[in-house]
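Contents: one structure, followed by commentary.
As the structure is a computational prediction, the values presented were derived from the model and not from experiment.
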Amino acid sequence: MAAQTVDTTWMWHPSFTEERTDTAGLFVHFRRTLELQDELPASLRVSLTADTRYKLYVNRRLVRFGPVKGDHALWFTDEVDLAPYLVRGVNHIRIHVLRFFYATAHASSFPRLPSGGVRIVPLGPDDRLGKQVQSSPLWETAIDPTTVLRIDEPEDDFLNIYEKSVPVPSDQWTWEPARVLEFQSSTGLSAPWKVSNRMIPDMQRTPIILKALHNIDSSLPRLSWEATLLSSDPPSSRASLHLPAHSTHSVDIECPSHVTAFLSLHFTRPPTPGSRVTLTYAESYEEQPTLVPYLRRKGNRLDTTKSIHGPRDMFELQGSQGVQHLRYYQDEETEEAIIPFHFRTFRFIRLQIQVGASDLVFKGVGIDAVNYPLDILASLRVEPQAQEAEGLWNTSMRTLVNCMHDCYEDCPFYEQLQYAMDTRSSILFTYYVSGDDRLARQAILQLAHSFQPALGLTSSRAPTHQPQVIPHFSLFWICMLYDHMQFFADKAFLCPLVPIADAILSYFADKIDPALGLVVIKDESGIWHFHDWTDEWRPYGIPPAATRTGVSTYTNCLYAYTLQLASHLQRYCLGREAVAEEYMDRSRSVANAVRRHCFDGEYFTDSLSTGSDAARDRSQHGQVWAVLCGAAEDGDPSRNLLRRSLDPSATFPGGRLIQASVAMSFYSLRALSKVGGPVYEELFHGFWKPWHEQLALGLTTWEEDSVSQRSDCHAWGATPLHEFMAEVVGLRPVEPGWSTIEFRPRAGLYRGLNATVPFRTGSEGDSPMCLADVSWSPTDSGEVVVSLRVRGLQGRAPIRLMTLSLPDIMMENDKALSFAISHDGFCTLL
């Protein structure tokens, strides 16, 4: 047997405890000084990570913010080259760590393991200099005695990133050598963090210039505030504001649009401590909330006569006496900066300053938007409703990007959690605008790692410190696998995940009642059978009829729909024809049972039609999902069902159906697309009325929902991105990896169009990006001439193109095809 080996790559503060009850966690600082007299190294690469988050500084420059959110199954590490930041002489390396306490429910958006830790490993072979910066007692560490992570903030149930900082003299800081953690790394044992290189690129940072100031309450004139805050110059070059001792000032800062950003406030270091700064972050102006944070009354988001409500940071300036200099920014000796650790989300900030016993010189605010570096390759221009379409497109793009960081996020303002249902939609939007699947792959794996074998389900969200189970969301995860197959055809990635999909489907199969042929759901401890947010289904988002009977039409339809997608996965990934056919048979069986038991002759009811109440137990959800899974009769019956259900001008026997939320809009449109005929085009422009109403209210990103109005940024509202590319332009993958493309442009929706759709062909991870250029315009004869050209196919096999009423066409690189489409949809290749 080999001798026992020990992993000593992790270090931590030797006396860190998690016993405090006034904070969600603590900041821990690490410092190391290097003196370099010889020639500077060309490279000094290290692997760096920390539990829970870190910022790395070298010689007062922020070098890296990380790690990407991980969990017990996959903890990410960053590769960093320190060499570009080093100088001859003394070099200061600093690591600022945010450690959330493990044995609490606080900060559920941030997974962590039972122990804190920092890991620095040199990556160069026989790297003498690298060994000087690796984890060791040569690093000094101190627990920050000034700052707590607020747990008393009514607006904050998930993040706990907001800070309260009160300075203490430097002699109350205690620095001591770091303790190296030792973990056995043999006989199948290892450190608790399963370290892996990050899967996604670094975040992108973009400076933001403020738009306007509102509600200024200050002895200083507006022009002075504007000169300092609205300037495009860096804070060090702006006109300063001289705030008299014992004065108070308040000003609302408006960004051009909703942002997720790092921010910093800069002051000349005052001679005495005691000045206080409060930052209140808000997505809009609003009335007093009905219930903080969940029920809001917003209206016009730019109505500055209303109030600002949101989470707060509270800082007290240190002054110049007895300061503990951490060397995190330039000119620290003469300038005092407030730099919240984590990025903040806002469109408005209320800045309040209470000046202490000495005058204060305020030098301005720096704001850097931070997002996943999404390379947007798609484009769209339509006529004649260019302005309306542009509003839908640009607002959707901004919303999507603001919900992409180191994970997909439901809403950055409140949760920053990666939920499976939300993420499935966001991933598809990402595919269509960029062809980028790196964040999608990570999301798929993180949700897979949350699978609980004893239960047969994934968590509804991952990674997270507080797992939650919503069975439907496990089905949406399977849908993600199917989507990735269609867009990228990567068997090596998907094959290990298919068995998890099988186990999830078995969870539902085990709950099929033999007499009904339907899945029956029951109350189970630790499981939430959430359907959708509607007023009628509050507080838990479950139809009352499903609660009464245990039978949910939505559950059964979603299950049947997912079985169909899983059938294709079985066939393509594993070649299991028998299992694929079994899934299709089961899907048909469940769909037929829905038609028998949950259709009252006019509509699909939310549960069994027998005993249902037409006024309370009918919803758009039942009709949409009955169509999607095949429970509704094909052809005109399905088309008419959707017309009655989704057309806001339609009249309803027995009253209006319960409305689906914006979260379900993607699936309503999928049903309209599936039934064929003219119904999609008939309802298309009217479908976006709620989106246009949001723009009229001044939103710059799509709200979470129009009922609660909790958040003004939620990516499930970015559905127009998919619809313009997949349905209006009409490009969709038919076979995995876009080897066969369906091209069915809806040329009747807009008079003229110019668009570009990105996609990748084949399953290679480095397969080249293709760009499909589509345009159309009318002719004098009433026909529409449509052009399609694909770029990026050099050296690759032609792709098969399925188009309207024509035989299949083989599409080659840069060969433009032109079609004439008559008013009745007949297509001619020109």
Side-chain angles (χ1 to χ4, degrees), residues 18 20-26 52-53 69 71 98-112 148-164 258 260 279-284 286 288-298 307-314 340-347 402-403 405-423 450 459-470 473 526-528 530 532-533 538-541 661 663 703-705 707-716:
E18 302 193 354
R20 290 180 59 171
T21 59
D22 62 332
T23 178
L26 290 169
T52 307
R53 304 287 257 186
K69 284 182 186 176
D71 55 24
L98 165 57
R99 166 63 183 177
F100 282 120
F101 295 161
Y102 181 78
T104 74
H106 299 309
S108 59
S109 302
F110 298 92
R112 59 270 193 187
V148 296
L149 285 307
R150 296 185 56 216
I151 58 175
D152 60 347
E153 175 55 74
E155 290 275 2
D156 184 15
D157 283 346
F158 295 91
L159 297 177
N160 299 118
I161 56 175
Y162 301 100
E163 301 173 28
K164 181 178 181 180
H258 186 285
T260 56
L279 300 165
T280 304
Y281 307 98
E283 295 180 299
S284 73
E286 59 182 300
Q288 180 67 36
T290 304
L291 175 66
V292 175
Y294 295 103
L295 292 176
R296 318 299 282 232
R297 298 183 298 153
K298 290 186 173 178
S307 302
I308 275 182
H309 298 275
R312 295 173 298 158
D313 282 318
M314 296 177 284
F341 181 87
H342 198 268
F343 69 79
R344 301 294 191 249
T345 306
F346 53 90
R347 184 177 175 189
N402 277 2
C403 295
H405 293 93
D406 55 355
C407 292
Y408 284 102
E409 295 165 355
D410 60 332
C411 63
F413 192 80
Y414 282 112
E415 297 191 28
Q416 297 180 16
L417 284 166
Q418 188 168 253
Y419 286 93
M421 185 188 80
D422 316 31
T423 299
S450 74
S459 177
S460 68
R461 60 196 189 196
T464 178
H465 184 59
Q466 194 171 26
Q468 174 198 67
V469 177
I470 301 174
F473 283 28
I527 291 179
W528 181 21
F530 169 79
D532 190 20
W533 290 123
R538 288 188 182 276
Y540 299 117
S661 75
E703 65 185 359
E704 185 173 18
D705 69 79
V707 177
S708 74
Q709 298 184 323
R710 179 181 70 150
S711 174
D712 276 4
C713 184
H714 203 301
W716 60 29

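The minimum heavy-atom distance between Gly541 and Trp533, with the atom names listed, is N-CZ3, 4.1 Å. Between Gly526 and Val469, the shortest heavy-atom contact is O-CB, 3.6 Å. Closest approach of Pro463 to Asp71, counting heavy atoms only: CB-OD2, 3.9 Å. The two atoms that bring Thr260 and Pro412 nearest to each other are CG2-CB, 3.7 Å, heavy atoms only. Of all the heavy atoms in Ala24 and Asn160, the pair that sits closest is CB-CB, 3.7 Å.
Take Arg297 and apply the salt bridge (charged side-chain N to carboxylate O under 4.0 Å, His left out) test, not counting sequence neighbours, and it matches no residue. Every residue was checked against the salt bridge (charged side-chain N to carboxylate O under 4.0 Å, His left out) condition with Lys164, not counting sequence neighbours, and none meets it. Residues meeting the salt bridge (charged side-chain N to carboxylate O under 4.0 Å, His left out) test with Glu163, sequence neighbours left out: Arg344.
Note: Phe110 and His342 have perpendicular aromatic rings, judged against thresholds of 30 and 60 degrees for the angle between ring planes. Using the six-membered ring where Trp is involved, His714 and Trp716 have ring planes that are parallel, under 30° apart on the 30 and 60° scheme.
Looking at Lys69, its side chain never comes within 3.5 Å of a backbone N or O of Ala462 through a donor-acceptor pair. Listed for the Arg150 side chain is a donor-acceptor partner under 3.5 Å among the backbone atoms of Arg312. In this structure, the side chain of Ser450 engages the main chain of Ser459 through a donor-acceptor pair within 3.5 Å.
For the atom pair Gln466 CD and His106 NE2, the distance stands at 10.5 Å (nearest 0.5 Å). With rounding to the nearest 0.5 Å, the separation of OG in Ser108 from CZ in Phe100 is 10.0 Å. Between atom CD of residue Gln468 and atom OG of residue Ser460 there is a gap of 3.5 Å, rounded to the nearest 0.5 Å. Note that the SG atom of Cys713 and the CD atom of Glu409 stand 9.0 Å from one another [nearest 0.5 Å]. Atoms CD and CG, on Glu153 and Asp313 in that order, are 9.0 Å from each other to the nearest 0.5 Å. Atom OG1 of residue Thr52 and atom CZ of residue Arg112 lie 6.0 Å apart, to the nearest 0.5 angstrom.
You'll find the side chain of Leu149 reaches within 4.5 Å of the side chain of Leu98, heavy atoms only. For the pair Leu26/Phe101, a side-chain contact is recorded, criterion being any heavy-atom separation below 4.5 Å from C-beta on. Contact of the Ser708 side chain with the Arg538 side chain is registered, since non-hydrogen atoms from C-beta on lie closer than 4.5 Å. Side-chain contact between Cys411 and Cys403 is absent, with no heavy-atom pair separated by less than 4.5 Å. Residues Tyr281 and Glu155 are not in side-chain contact: their nearest non-hydrogen atoms beyond the backbone lie 4.5 Å or more apart. Residues Thr464 and Pro111 are not in side-chain contact: their nearest non-hydrogen atoms beyond the backbone lie 4.5 Å or more apart. The shortest distance between side-chain heavy atoms of Phe530 and Tyr540 does not fall below 4.5 Å. Residues Ile151 and Asp22 have side chains not in contact (no heavy-atom distance under 4.5 Å, counting atoms from C-beta outward).
Note: Phe343 and His405 meet the aromatic proximity criterion, with ring centroids under 6.0 Å apart. Aromatic ring centroids of His258 and Phe413 lie 6.0 Å or more apart.
With no hydrogens or angles considered, a side-chain donor-acceptor pair links Ser661 and Asp532 at under 3.5 Å. Side-chain contact check for Tyr294 and Asp157: at least one donor-acceptor pair (N or O, by modelled atom type) lies under 3.5 Å.
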**Message:** Run Asp705 and Arg710 through side-chain contact (heavy atoms from CB on, under 4.5 Å) and show every step you take.
**Reply:** CA-CA 8 Å; Asp705 69 79; Arg710 179 181 70 150; 5.8 Å; no
**Request:** Give the intermediate values and the outcome of side-chain contact (heavy atoms from CB on, under 4.5 Å) for residues Arg99 and Glu18.
**Result:** CA-CA 10 Å; Arg99 166 63 183 177; Glu18 302 193 354; 2.9 Å; yes
**Item:** Full working for side-chain contact (heavy atoms from CB on, under 4.5 Å) between Gln416 and Thr345
**Value:** CA-CA 10 Å; Gln416 297 180 16; Thr345 306; 4.2 Å; yes
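The side chain to side chain donor-acceptor pair (under 3.5 Å) test with Arg296 singles out one residue from His309, Glu286, Glu283, Glu703, and that residue is Glu286.
Using a cutoff of 4.0 Å between basic side-chain nitrogens and carboxylate oxygens, Arg461 and Glu415 are not scored as salt-bridged.
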